[in-house]
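Only one structure is covered here, and it is reproduced in the block below.
First the proteins, then the strands, lettered A, B, ... as listed; each starts at 1.
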2 protein chains.
Amino acid sequence: MAYCWERWLSRSNPRVLLTLERAGGFASAQEVYHLMQREGQSIGLTTVYRALQSLVKEKIVDIMRREDGEAIYRLCGDTHHHHIVCKSCGDTVEIEGGVVEKWAKSLAAEHGYRDVGHSAEIFGLCPKC
Amino acid sequence: MAYCWERWLSRSNPRVLLTLERAGGFASAQEVYHLMQREGQSIGLTTVYRALQSLVKEKIVDIMRREDGEAIYRLCGDTHHHHIVCKSCGDTVEIEGGVVEKWAKSLAAEHGYRDVGHSAEIFGLCPKC
DNA sequence: AATGATAATGATAATCATTTTCATTTGTGC
DNA sequence: GCACAAATGAAAATGATTATCATTATCATT
Ligand SMILES: [Zn+2]
Ligand SMILES: [Zn+2]
Ligand SMILES: [Zn+2]
Ligand SMILES: [Zn+2]
């Protein structure tokens, strides 16, 4: 354990962060909230939002957007990866993205962009469909 | 003029599209709607949403997200391409994606996926921000 | 321990983009 | 004109996020 963010911040942030970690990958504020509810932790939705905001500001957590615009969060430094998703059955394969990482990094540098992230997904019909 | 989308679709789609064009760059559904209002065009918000959705489905228009999650749209050149978007000011650079095309194609093949597409975006802070 | 300043919490209400519903209008072929 | 399907848009519903604000926890000082 011994996270560098243990100094942080309100007494809720750590609980929210631990929950996000337990969720694995991405989770929305609502999902984190419901997870904590189901686990019997007492916390308010507002506090979850505030904790996530402060964690984003501290760059401990990444924010991204789902297709429908909902904000989703994940621990920074989670192993970063990409997906192939089946358009029909939704089946997902995690894939390696080294090529994309380099592509993103070099193009960002070329255009003078800092503080760079990227998203990349492949979608199609899986063998079964 | 002479757009390839002239065949499309409802009688609203062209008006929405023309407005989006006139707006230059990105505009949200709400913004397109208000623009049309101010110009004295009579149209309902619902129809603007529907028109934009169908234009996105037809790949005539690109959809993206503002920092706050609001959907923004813009005319899309017919050549397939990718973007670097500034997280702060929304400035956009069109970039070459040959590497990504190959990456997507080979990985899809490797996992037996057919009828494959992909998305890839880079985001960060532009030189000005 | 009691006090009080300050920050954190969370229930509730407000906001606001987007989607649904559904009644009305419009287009199209007969 | 008449039927029938598609398109429209006003109004209500939805759902995520944010703002309010009264209550509660923290902590240093008395
Ligand atoms: Zn499938
Ligand atoms: Zn990557
Ligand atoms: Zn910028
Ligand atoms: Zn591509």
Side-chain angles (χ1 to χ4, degrees), chain A residues 3 5-20 23 25-58 60-74 119, chain B residues 3 5-20 23 25-58 60-74 85 87-88 90 123:
Chain A
Y3 286 104
W5 41 261
E6 266 171 3
R7 55 200 163 87
W8 285 98
L9 205 197
S10 68
R11 61 191 164 293
S12 303
N13 286 19
R15 291 197 293 151
V16 168
L17 191 45
L18 260 340
T19 307
L20 187 57
F26 282 106
S28 71
Q30 308 273 348
E31 286 164 353
V32 169
Y33 171 68
H34 287 121
L35 231 170
M36 295 179 80
Q37 297 276 296
R38 254 178 275 127
E39 290 174 347
Q41 296 193 56
S42 159
I43 195 165
L45 181 56
T46 313
T47 306
V48 172
Y49 272 103
R50 273 194 290 243
L52 288 170
Q53 276 164 0
S54 104
L55 290 165
V56 166
K57 192 178 297 172
E58 296 306 318
I60 294 164
V61 158
D62 263 349
I63 182 172
M64 195 144 296
R65 296 272 165 190
R66 277 213 247 272
E67 190 109 4
D68 69 349
E70 188 180 5
I72 49 180
Y73 307 84
R74 74 165 169 194
S119 70
Chain B
Y3 285 106
W5 41 260
E6 266 171 4
R7 55 198 165 87
W8 283 100
L9 210 192
S10 69
R11 62 189 163 295
S12 303
N13 286 17
R15 291 196 292 151
V16 168
L17 190 44
L18 261 339
T19 308
L20 187 58
F26 282 107
S28 72
Q30 308 274 347
E31 286 164 353
V32 169
Y33 172 68
H34 287 119
L35 231 171
M36 296 180 80
Q37 295 277 296
R38 253 178 275 126
E39 290 174 347
Q41 297 192 55
S42 159
I43 195 167
L45 180 56
T46 313
T47 305
V48 172
Y49 272 103
R50 274 195 288 242
L52 288 170
Q53 275 163 1
S54 103
L55 290 166
V56 166
K57 193 178 298 173
E58 296 305 319
I60 295 163
V61 156
D62 262 350
I63 183 172
M64 197 143 295
R65 295 273 165 192
R66 277 211 247 273
E67 191 132 11
D68 69 350
E70 188 180 4
I72 49 181
Y73 307 83
R74 76 160 168 193
V85 186
K87 285 190 272 198
S88 166
F123 38 84

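Partners of A:Glu67 according to the salt bridge (Lys or Arg N to Asp or Glu O under 4.0 Å) rule, which considers only residues two or more places apart in sequence or in another chain, do not exist here.
Distance A:Arg15 CZ to C:dA8 P: 14 Å, rounded to the nearest Å. Rounded to a whole Å, the CZ atom of A:Arg66 is 17 Å from the C1' atom of C:dA17. Rounded to whole Å, atom C1' of C:dA17 lies 12 Å from atom CD1 of B:Ile63. Between the C1' atom of D:dA10 and the CD atom of B:Gln37 lies a distance of 12 Å, rounded to the nearest Å. In this structure, CD1 of B:Ile43 is placed 14 Å from P of C:dT26, rounded to the nearest angstrom.
Using a 4.5 Å heavy-atom cutoff, the side chains of B:Val16 and B:Ile43 are in contact. Within the 4.5 Å cutoff, no side-chain heavy atoms of B:Arg65 are placed close to those of B:Phe123. Side-chain contact between A:Val32 and A:Met36: present, with at least one pair of heavy atoms (C-beta onward) separated by less than 4.5 Å. Between A:Tyr73 and A:Leu20, some side-chain heavy-atom pair lies under the 4.5 Å cut-off.
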Determine, for nucleotides 16-23 of chain D in 5'-to-3' order, which nucleotides have protein heavy atoms under 4.0 Å from the base (write B), from only the sugar-phosphate (write S), or from neither (write -).
SBBB----
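Counting only Watson-Crick and G-U wobble pairs whose two distances sit under 3.5 Å, DNA chain D takes part in these stems of three or more pairs: C:1-30 with D:1-30.
Screening B:Gln37, B:Glu39, B:Arg38 for a side chain to side chain donor-acceptor pair (under 3.5 Å) involving B:Gln41 leaves a single residue, B:Glu39.
Minimum interatomic distance between A:Tyr33 and A:Leu45 (heavy atoms only, all atoms of both residues): CE1-N, 3.4 Å.
Under the 3.5 Å distance criterion, with hydrogens and angles disregarded, a donor-acceptor pair is assigned to the side chains of B:Tyr49 and B:Gln30.
Dashed line: the shortest gap from a side-chain N or O of A:Thr47 to OP1 or OP2 of C:dG10 is under 4.0 Å.
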